[in-house]
Structure formats: structure tokens, C-alpha cells
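Notes follow the structure.
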2 protein chains.
Amino acid sequence: MRKNFPMSAKLRDVAEKAGVSVATASRVLSGSAEGVRPERRQAVVAAARELQYVPNAHAQALARSGTTHIGAILHDVSDPYFSEIVRGLQRAAVDAGQLVTVCNSYRDPERELAYVGLLRSQRIGALILTGSGLDDRSYSERLAAQINAFASTGGRPVFIGRHHIAGDAVLPDNVGGARALARALVTMGHRKFAAISGPPLLTTTRDRLDGFKAGLAEHGITLDPAAIAPGDFTREGGMAGMAHLLDAGPAGYGSIASDATCVFALNDAMALGALRTLRDRDIDVPGRISLAGFDDIPATLDTNPTLTTVRIPLAEMGALAVSLALEPPSDELRVRHIRSEVVLRESTAPPAALSR
Amino acid sequence: MRKNFPMSAKLRDVAEKAGVSVATASRVLSGSAEGVRPERRQAVVAAARELQYVPNAHAQALARSGTTHIGAILHDVSDPYFSEIVRGLQRAAVDAGQLVTVCNSYRDPERELAYVGLLRSQRIGALILTGSGLDDRSYSERLAAQINAFASTGGRPVFIGRHHIAGDAVLPDNVGGARALARALVTMGHRKFAAISGPPLLTTTRDRLDGFKAGLAEHGITLDPAAIAPGDFTREGGMAGMAHLLDAGPAGYGSIASDATCVFALNDAMALGALRTLRDRDIDVPGRISLAGFDDIPATLDTNPTLTTVRIPLAEMGALAVSLALEPPSDELRVRHIRSEVVLRESTAPPAALSR
DNA sequence: CTGAAAGCGCTTACAG
DNA sequence: CTGAAAGCGCTTACAG
């Protein structure tokens with residue numbers, strides 16, 4: 001590509017114009033040495049400006065064997081959960097003088113693996129793998145092989161979210177957050193629950209569901225498996241999940257609306273969808289049914305009612321991952337546990353039976 | 001960086017292991033030639049896999065003088081407007097086998113300029129400048145100089161949004177959309193309007209405001225300058241803008257609430273903020289005041305009431321920009337005009353005086 | 001303080 | 001079909 005175009009000015013052009021050697025030009029332009037006579041320095045700077053010189057980063061990367069590029073692989077930048085993480089990641093990366101290449105895997109393991117290879121070939125210094133791990137043996141092993149190869153050549157992989165692979169990681173407290181949420185809802189007076197789940201193999205799904213069940217169990221409450229609708233962490237999934245609960249419902253009850261008083265959607269995107277379905281059917285939230293999500297994405301403040309959720313500091317997690325990746329490597333695994341926090345808003349209230 | 005680490009396998013290693021020359025190894029691995037004897041081909045492939053060989057993209061870029069990388073500079077990926085554009089951009093880029101590096105300028109001209117340089121040095125093949133232009137002479141000239149330098153070496157710049165710089169562009173119809181919105185609102189019965197504006201120098205702000213005024217003017221209605229609150233295209237700006245309108249209001253009226261029946265927030269993010277302020281003050285929307293935004297970001301469906309807005313196909317714009325950038329260069333300027341469309345939802349209704 | 005030269009890891013005419 | 005060699009545009013010991 002770009003075959004028959006005038007090439008952009010190169011270091012040699014600058015050096016010639018300034019009447020110095022390329023070595024000297026390189027020294028002043030990449031600042032690696034301050035020991036250049038002021039007059040020459042200025043000549044070089046002037047020549048570079050005049051020629052609109054921009055160094056060829058590839059040549060630099062090759063000569064230095066290293067880049068100032070970070071790679072990030074995540075589900076989808078336009079998903080608010082990830083876009084918040086990316087925000088923090090970008091901020092921290094820029095502060096450290098790093099550029100970041102963002103790749104959307106759409107939760108496709110093959111695509112993720114392919115991106116790891118692509119980013120490795122870019123000789124990125126660090127790779128942030130954002131998003132849930134997968135309870136899949138073969139996938140984990142293949143990913144681990146790639147990641148280890150990357151790390152063995154000095155690359156710095158960092159995971160955000162629980163994976164079945166040893167490595168530096170930033171781990172949100174999905175279990176603890178969901179447990180705390182369950183406790184809060186029980187304290188509020190709820191006894192019968194339903195849930196809208198996430199993709200079955202994601203560790204995030206499992207952790208949040210396990211945590212929630214554990215919180216209920218503390219009060220002797222169990223979550224009827226029939227009251228767990230399948231979901232996929234999207235708004236549409238939340239709509240469908242809620243419809244599933246309302247229409248099919250736990251066997252014998254006809255509909256959860258006549259039974260459960262509170263629904264836990266495993267993430268906010270689905271909670272937004274669930275809220276939409278409830279509203280379309282004129283089911284009052286929280287009057288007739290309470291609804292809670294997880295993540296605390298910005299949109300939770302714009303719904304009416306505002307959404308009860310579990311806050312995890314997404315942007316901070318992104319920034320933290322970058323700083324982990326940029327710290328000098330160490331022999332021991334670095335894992336940062338991120339506290340989550342229940343945020344009670346308008347979508348949850350004591351069940352009608354109590355408030356009557 | 002990565003100094004005392006075992007280097008990753010290089011082509012020479014693969015070639016040795018396979019018992020062929022690096023030329024041959026290169027040919028089979030980069031597929032540039034199918035004319036390699038099957039047995040050797042297989043040996044090379046096997047060796048590459050065994051060594052976990054990943055080509056060094058920098059060496060390739062240098063040897064080929066070209067990359068498969070696209071750069072994009074935009075305000076902020078976590079802003080839903082841009083995150084939608086990025087989604088489309090990513091999709092189209094990946095389909096074309098391109099990686100994309102996303103840079104957040106935060107609307108800082110200096111930062112934007114710096115990124116253009118950085119991306120040029122990465123020898124990206126195309127650069128997508130996303131976001132509004134700026135009515136600023138000095139900025140436009142400096143940016144134009146950089147862009148022209150990029151283009152003159154075969155780079156493909158594409159603008160999304162109106163800039164004061166000649167170049168291929170994807171242009172949403174801000175003027176027409178705002179005009180159509182004004183018409184629709186007048187048809188609905190509104191006669192007195194207020195607005196929450198955007199950053200003053202952005203062409204987007206100007207276009208939307210001009211279009212809106214033009215639409216009102218068709219019906220002999222003028223927008224009182226005092227009824228235009230300053231804003232900044234953020235949710236917080238929308239909250240403040242609405243508060244400004246409610247508290248200060250046009251001189252002589254005390255508050256727009258007692259005068260205007262409809263508020264136009266120049267983008268959806270601000271409309272969300274405005275809605276929040278109205279709700280906090282128990283002002284019914286659309287009962288007492290109608291509210292409209294612009295962009296049709298996904299969140300407009302999750303508010304209650306849902307938000308009237310002007311839809312511009314953000315993801316498609318991103319994809320279109322990529323395809324413009326990837327088309328073979330041409331001598332004439334390519335400009336794609338993107339139609340916008342008024343979407344009436346629950347936040348607008350005939351003014352109370354009419355419906356009474 | 002400065003320059004000539006080797007080397008970073010590939011690709012690609014050019015011969016054979 | 002295959003290999004030796006030049007070249008992509010830098011950086012950086014190594015001499016001076």
C-alpha cells in the first residue's frame with residue numbers, strides 16, 4: 001500500500017538539511033542524549049519542523065525492540081460496562097505515554113485468540129484482557145499458551161475479571177457484591193426472588209449467581225431454579241428474560257409476578273431491558289415488583305425509577321490494570337481485589353404485602 | 001524495554017528449524033507466494049507453530065512500507081455518541097482486516113494535534129477524525145497542515161462531521177434534522193421554545209442551533225437569545241442548563257417554565273441531564289414541559305418518558321468513514337451526506353394549553 | 001561532542 | 001521453485 005507516493009521525510013533528510021549525521025539527528029530528535037552542541041541541535045529541530053518530519057514508529061520499534069503501545073481485548077467498546085473500563089484504561093495509558101489499541105472480541109473465543117496473536121505481532125508491551133473468563137477447558141488452555149508465550153518474551157498480560165489462568169489480575173468482587181445485595185433485599189422484606197442470568201459459561205455469571213444464592217441462604221431462602229431466566233447480559237436479553245419470567249414463570253405459579261416480589265438481573269444492561277418490559281406491561285416498579293441490577297453503569301441514573309444495583313468502579317479497574325501492567329515485572333502474582341458496593345435506589349422497595 | 005528477555009522466535013528460527021531459507025519461510029508464512037513445494041510449506045508451518053512464531057509487525061511494516069492499522073481520534077470513547085460511532089468503525093475495520101487505534105482528544109485541540117502526529121508516526125494507513133469541527137482559524141490551519149502532510153504521503157484522512165478543512169467526509173445533517181425537529185414541534189402546537197446549547201465553537205452546535213431557528217422561522221417564531229442556556233454536550237451540562245432556564249429564565253418571565261412549553265437540548269446527553277433536573281423538581285414531562293434531544297443514543301429508550309430526538313445513524317457513519325478511507329484514492333473530494341430523522345417519543349406532547 | 005557502521009526482523013526483486 | 005542479498009528507517013554501542 002501507499003506505493004507510488006512521495007515518502008514522508010525521513011531522518012536522513014532531516015540530517016542532510018541540518019548538515020549533521022543521522023546519528024546526531026536521532027539523538028536530538030529522540031532526546032536520548034542531551035550532549036549535542038546547541039547550534040546543531042537547533043538546526044536539526046528546525047529542519048525537522050520544516051520537513052514536517054515524523055519519526056517512523058516501526059523503525060523505532062524495530063531498532064529499540066519495544067513499543068509504547070498497549071493492547072486491550074474486550075467484548076465490545078459500545079457496551080457501557082466496557083466503555084467505562086476503557087475510559088479508565090485510556091486515561092492511565094495516556095498518562096504513561098502509551099497508545100492503546102482496542103479490540104472487540106464479541107465474546108468469541110476464536111476472535112479473542114486471534115487478537116492476542118495480532119497484538120503480539122504488534123509487539124505491544126502490555127495486554128489487558130477485559131471481561132469475564134470462560135468455564136471452558138480447551139479455551140482456557142489455548143489462551144494460557146498464548147498468554148504465556150507473550151509473557152515469556154517480556155510482555156505484560158493483565159486480566160480484568162476472573163479467568164482460569166494464572167496471571168496479574170484486577171478482580172471485582174462479584175461474589176461479595178451479589179451476596180451483599182441479597183442481604184439488603186432480604187432485609188428490605190423480600191422472601192421470594194427471581195433472577196435473570198447471564199451467559200452460562202462466564203465466570204461472572206457464576207460468581208454473581210453463587211453470591212446471590214449464598215446471601216439468600218444466610219436467611220434460609222433458596223432461589224428456585226425455575227425462577228432463573230436465561231439471559232445474555234444485553235438489554236434485549238433482559239427484556240426476553242423478564243418476559244420469560246412473567247409468562248412461563250416457575251412451574252405451578254403461572255407467573256413470577258404472582259409469587260416473587262423481587263428480580264435480580266445479573267447486570268444493569270439486562271435490568272434496563274427488564275424495566276422496559278415491566279413498563280410495557282404496566283407492572284409497577286417497585287410497587288408490584290422490585291428490580292436490581294449489577295455494575296452501576298451511568299444509565300442507571302436516568303431510568304425512572306432509578307435502578308438499584310451493585311457498584312463496581314469500572315474506570316478505576318481499567319486504570320489499575322494499566323498501572324499493574326506498567327509496573328516493573330515481579331515474580332509473584334499481583335492480584336488486586338476490587339470492592340463492590342450495594343447502591344439502593346428507587347427500583348427496590350419493601351414488598352407490597354409489607355407496605356400495605 | 002523488554003531488554004533481558006528471551007526474544008520471541010523470529011523468522012530465521014523458523015527457517016532453520018524447517019531447513020529452508022528465510023525467503024521461503026517468509027513466502028509461506030505471509031502467503032505472498034503459493035509457489036512453494038508442499039513438503040517445505042508444511043515444514044515451515046509446523047516449525048512456526050512449534051515455536052509459537054508471531055511475525056514482527058514492525059519489521060513487516062518497515063519492509064512493506066505500509067500497515068493495516070487505522071487511527072481514530074475522537075472526543076471520548078465512553079461518550080455514547082462516540083462509542084456508537086466507534087462500534088461501526090470497528091466493525092468495518094475488522095471486516096477489512098484492519099486494526100484500529102482509538103485516541104481520546106477530550107476536545108482539546110492540542111491533544112488532537114499531538115495524536116495526529118503520533119498516529120502518523122505509526123504509519124497508519126487511514127485516519128478518521130470524528131467529532132465536530134471548530135470555528136477557530138488557527139486551529140483549523142494547523143490541523144489542515146498536519147492532515148495535508150499525512151495525505152501527501154498517501155495517508156487517507158476522513159472527517160466525520162463538518163470541519164473547515166477540505167477532505168473526504170461523512171456529514172450528518174445537523175441543520176436539516178434540527179429544522180425538521182422544529183417543524184414537528186410547532187406542528188404539535190408549541191409556540192414558545194427554549195434551548196440548551198453546546199460548546200460555542202463547535203460546528204455541530206452552530207448547525208443544530210441554526211437549523212432549529214430556521215425551522216421556527218418558517219412559522220414566524222423566533223428563539224429568544226435569553227432562552228438559550230449554555231451547555232457542553234454532557235449530562236451534567238444538561239442538568240445545569242435546565243436549572244439555568246428554570247431559575248434565571250428569560251428576563252421578565254422569571255422562569256421559562258411559566259413561558260416556554262418546549263425545550264430543545266442540542267444533544268441527548270444533555271437532554272438526559274435536563275430530564276433529571278425536571279424530575280428532581282417534580283416538573284412533569286411532557287405534561288408541563290416538552291423536551292427533545294438530538295442523536296438518538298441508546299439511552300433515549302430507557303428514560304421515562306422516552307426521549308424525542310433526532311436520529312443520526314452513528315454506527316453507520318463510522319462504518320462509512322472506514323469504507324471511504326479504504327476505497328482507492330480519488331482526485332475529487334468524497335462527501336457522504338447522512339440523512340437525519342425526527343423520532344417523536346413520549347417526552348414531547350402538545351402544550352398543556354392546547355390539551356386542556 | 002560526533003560520525004560510521006552494525007543491527008533490529010522482515011520482504012522482495014533478482015538470479016539461478 | 002528457491003536462496004543470497006539489499007533495503008525498509010531508525011538506534012546505539014564503538015571509536016575517535
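Lettering follows sequence order; numbering is per chain, from 1. Quick caveat: nothing in here was measured; it's all calculated off a predicted structure. Values below: every heavy atom of this structure, side chains too, minus hydrogens, waters and symmetry copies.
D:dC1 and D:dA5 are spaced 23 Å apart, taking the P atom of each and rounding to whole Å. Separation of the P atoms belonging to C:dC14 and C:dC10 is 24 Å when rounded to the nearest angstrom. Nucleotides D:dT2 and D:dA6 are separated by 23 Å at their P atoms, to the nearest Å.
The pair A:Arg156-A:Glu327 does not count as a salt bridge, with every side-chain nitrogen at least 4.0 angstrom from each carboxylate oxygen.
For B:Ser26, no side-chain nitrogen or oxygen approaches OP1 or OP2 of C:dC10 to under 4.0 Å. Within the 4.0 Å cut-off from OP1 or OP2 of D:dG3, at least one side-chain nitrogen or oxygen of B:Thr24 is found. Close to C:dG9, at under 4.0 Å from its OP1 or OP2, lies no side-chain N or O of B:Tyr53. Distances shown here put a side-chain N or O of A:Ser30 below 4.0 Å from the OP1 or OP2 atom of D:dT11.
Atom-to-atom, CZ of A:Arg64 to P of D:dT11 comes out at 5 Å; the value is rounded to the nearest Å. Following rounding to the nearest Å, A:Arg27 (CZ) and C:dC1 (P) show an atom-to-atom distance of 11 Å. Per the geometry, CZ belonging to B:Arg123 stands 19 Å off P belonging to C:dT11, to the nearest Å. To the nearest angstrom, P of C:dC8 lies 6 Å from NZ of B:Lys10. Going from atom CZ of B:Arg12 over to atom C1' of C:dC8 covers 11 Å, rounded to whole Å. Rounded to whole angstrom, the span from the CZ atom of A:Arg120 across to the C1' atom of C:dG9 amounts to 15 Å. In this structure, A:Leu51 atom CG and D:dC10 atom P are separated by 12 Å, rounded to whole Å. The distance from atom CD of A:Gln60 to atom C1' of C:dG9 is 16 Å, rounded to the nearest whole Å.
The nucleotide whose nearest atom lies closest to any side-chain atom of A:Ala63 is, among C:dT2, C:dC8, D:dG7, C:dC8.
Separation of atoms SG (B:Cys103) and CG (B:Leu129) is listed at 10.0 Å; rounding is to 0.5 Å.
Looking at heavy atoms from C-beta onward, B:Val54 lies in side-chain contact with A:Arg123 at the 4.5 angstrom threshold.
Using the six-membered ring where Trp is involved, B:His58 and A:His58 have ring planes that are tilted, between 30° and 60° apart.
The partner of C:dC1 is D:dG16, by the rule that a Watson-Crick or G-U pair needs both atom distances under 3.5 Å.
Each of B:Leu62 and B:Val20 has a nearest nucleotide on DNA chain D; the 5'-most of these lies closest to B:Val20.
Taking all atoms of both residues into account, the shortest heavy-atom contact from B:Ala145 to A:Gln52 is O-OE1, 3.8 Å.
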